[in-house]
Amino acid sequence: MRPFSYARARTEQDAFSTLAQTARGAYLAGGTNLIDLIKLEVAKPDAVIDINALPLAAIETTPSGELRIGALARMSDTADHPALRSAAPAISQALNLSASAQLRNMATIGGNVLQRTRCVYFRDISQPCNKRRPGSGCSAIGGDDRKMAILGANDRCIAVHPSDFAVAMLLVDATIHLRGPAGERTVPFLGFHRLPDDPSRDTNIQPGELITALTFMPSALTRSSTYIKVRDRASYEFALVSVAAALEVTGGTIRDARIGLGGVAHAPWRSREAEAVLIGKVPSRDLFTAAAEAGLQAAVPQRLNRFKIRMAKNAMIRALTSVGMPA
Amino acid sequence: MDDRTFSRRRFLIGTALPAAALGMGLSAPAAVEAQTAPALMGPEPVDVMLQVNGRAYPLKVEPRVTLLDALRERLGLTGSKKGCDQGQCGACTVLVDGRRVNACLTLAVATEGKQVTTVEGLARGGRLHPVQQAFIDNDAFQCGYCTPGQICSAVGLIAEGRAGSDAQIRESMSGNICRCGAYTNIVRAVNAAARA
């Protein structure tokens, strides 16, 4: 690892003013992504500012009934939180299917949302990569593209976002709370992650900003949700494809639907096309198949990952069946 | 290896100070509410007081030094192993404030004020920890390289209450890779220890 200096922030202002003293400082939360990327020399901060002492780890229900997940809540504590499990089971499931128990004990919710892609070419500094070095080219295109994107990619970047949690968060109309040197702001979770128009930017976070919390209002829709992850081994692996699905069914009719796809795009992918097929209809295997077809209609496979299209469709049908037609 | 042999006086000073004050290094006592940003320390070696297996270890380490390297290279606690050094194998698993973590992705300087437990710190009064004993009784290793990490991970798993079934143990131990493939007996050992 290259040398860097270190500071421990006790307040958000501490963090902002310390960062301002550095040329390429980085905030350190769980460290599971940042320390790894520093070792690989993908990240080259001159300073890390440890924000773990900030009081941002609480998970609580607010007086208005919203669920508020502090940015420094650990993945393990969040996954097992009873209020979250009943408010949005898909989110708990997604967290428990992520990484390993050790990493979940370390990694934070804010860091999870901001984690970088696992694209092997992004992580290998000997290879050109538009995300790491804009304009240098994309080594994944024409390379080992088996795990790469099938939706929303372009000729600059075909990497996928690695988070399970972020896919499940597509179901709940969450708000991201940000604070930076210029003050506080909130943005919708939907749209926070970017498609690779500029691959160097994963999200719309601004320099120096911290995520402080994620909030959402539980509803009949979010309470009826599930997460399915398909991967190369049974545990401790990133998704080849994953599906988060939520259905609100009353009187035998689907009143509302939300579908998120993971492992398929540069951002957690909301499938409005699949949702449109479902809303107002009676749950059935044929309907779920039609939704899956609609959701993957725009898919464009790379050389080695045509299988992802079928896999995503099947996972979507399975997820919809488990929430919409429980046995 | 002089860091391993420190004087009784330094030990007493170290343990008498509140952890929070130690946490601020020498530049800004935590008792005083600082109005300015905390000082950047390093990249040269900085003073760190590690609490490992119930002992205080004053160290001078660069901020970039991981907890794993500090344990192995500076404290001589070589039980925790360096497998992948990327958080992918679990050989470096230790307990920090009772929770299992990957020491290879943890900065030593960031563990100041926390209690670190390695495989060397599990035995009590000359008796092996029940998980250690169960690994022996159930022949839960072959080459043994991953074993300290497996054992620390199993101690954490049992404390988390995740030893409900073999399937739950397998899932919750998935962060610890065993290249020899001793998994069958590892699950058996964790099961036995959880019910001991």
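In what follows, every chain begins at residue 1, and chains take the letters A, B, ... in the order their sequences are listed.
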Can you tell me which portion of [X] sits under 4.5 Å from chain B's heavy atoms? Options are side chain, backbone, both or neither.
X	result
A:N105	both
A:R74	side chain
A:L28	side chain
A:I38	neither

Using a cut-off of under 4.5 Å on heavy-atom pairs, state which of [options] scores highest against chain B.
options	answer
A:A99, A:P3, A:A7	A:P3
A:L103, A:D46, A:V48	A:L103
A:I49, A:L40, A:D36	A:D36
A:T22, A:L34, A:N33, A:D80	A:D80

Note to self: Is it the case that over 12 heavy atoms from other parts of the model lie below 6.0 angstrom from the CZ atom of A:R233?
What the structure shows: yes
Notebook entry, point to check: Has A:R318 got more than 12 heavy atoms of other residues, nucleotides or ligands less than 6.0 Å from its CZ?
Noted result: no
Checklist line | Selection from B:C104, B:G156, B:G90 maximising heavy-atom pairs under 4.5 Å formed with chain A | finding: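 Most pairs with chain A among the choices: B:C104.
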Notebook entry, point to check: If you tally heavy-atom pairs under 4.5 Å against chain A, which of B:R170, B:E62, B:Q86, B:E160 wins?
Noted result: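 Most heavy-atom pairs under 4.5 Å with chain A: B:Q86.
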Notebook entry, point to check: Any chance the side chains of B:N191 and B:R188 put a donor and an acceptor closer than 3.5 Å?
Noted result: no
Margin query: Would you say A:R123 and A:Y121 are linked by a side-chain donor-acceptor pair, where the criterion is simply a distance under 3.5 Å?
Written below: no
Margin query: Using heavy-atom distances under 4.5 Å, tell me whether B:Q88 contacts chain A through its side chain, its backbone, both, or neither.
Written below: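 Both parts, heavy atoms under 4.5 Å.
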Checklist line | chain A contact via B:L157 - side chain, backbone, both or neither, heavy atoms under 4.5 Å | finding: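 No part of it gets close to chain A.
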Note to self: Under a 3.5 Å distance rule, please check whether B:Y145 uses its side chain to pair with a backbone N or O of B:K81 as donor and acceptor.
What the structure shows: no
Notebook entry, point to check: Going through the distances and angles, do A:I211 and A:H177 end up as a side-chain contact (heavy atoms from CB on, under 4.5 Å)?
Noted result: CA-CA 6 Å; A:I211 297 179; A:H177 299 253; over 6 Å; no
Next item on the list: Measure the spacing between NZ of A:K147 and OG1 of A:T117 and express it to the nearest 0.5 Å.
Entry: 11.0 Å
Check: In Å, rounded to the nearest 0.5 Å, how long is the span from CG of B:L107 to CG of A:D50?
Finding: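 It comes to 8.0 Å.
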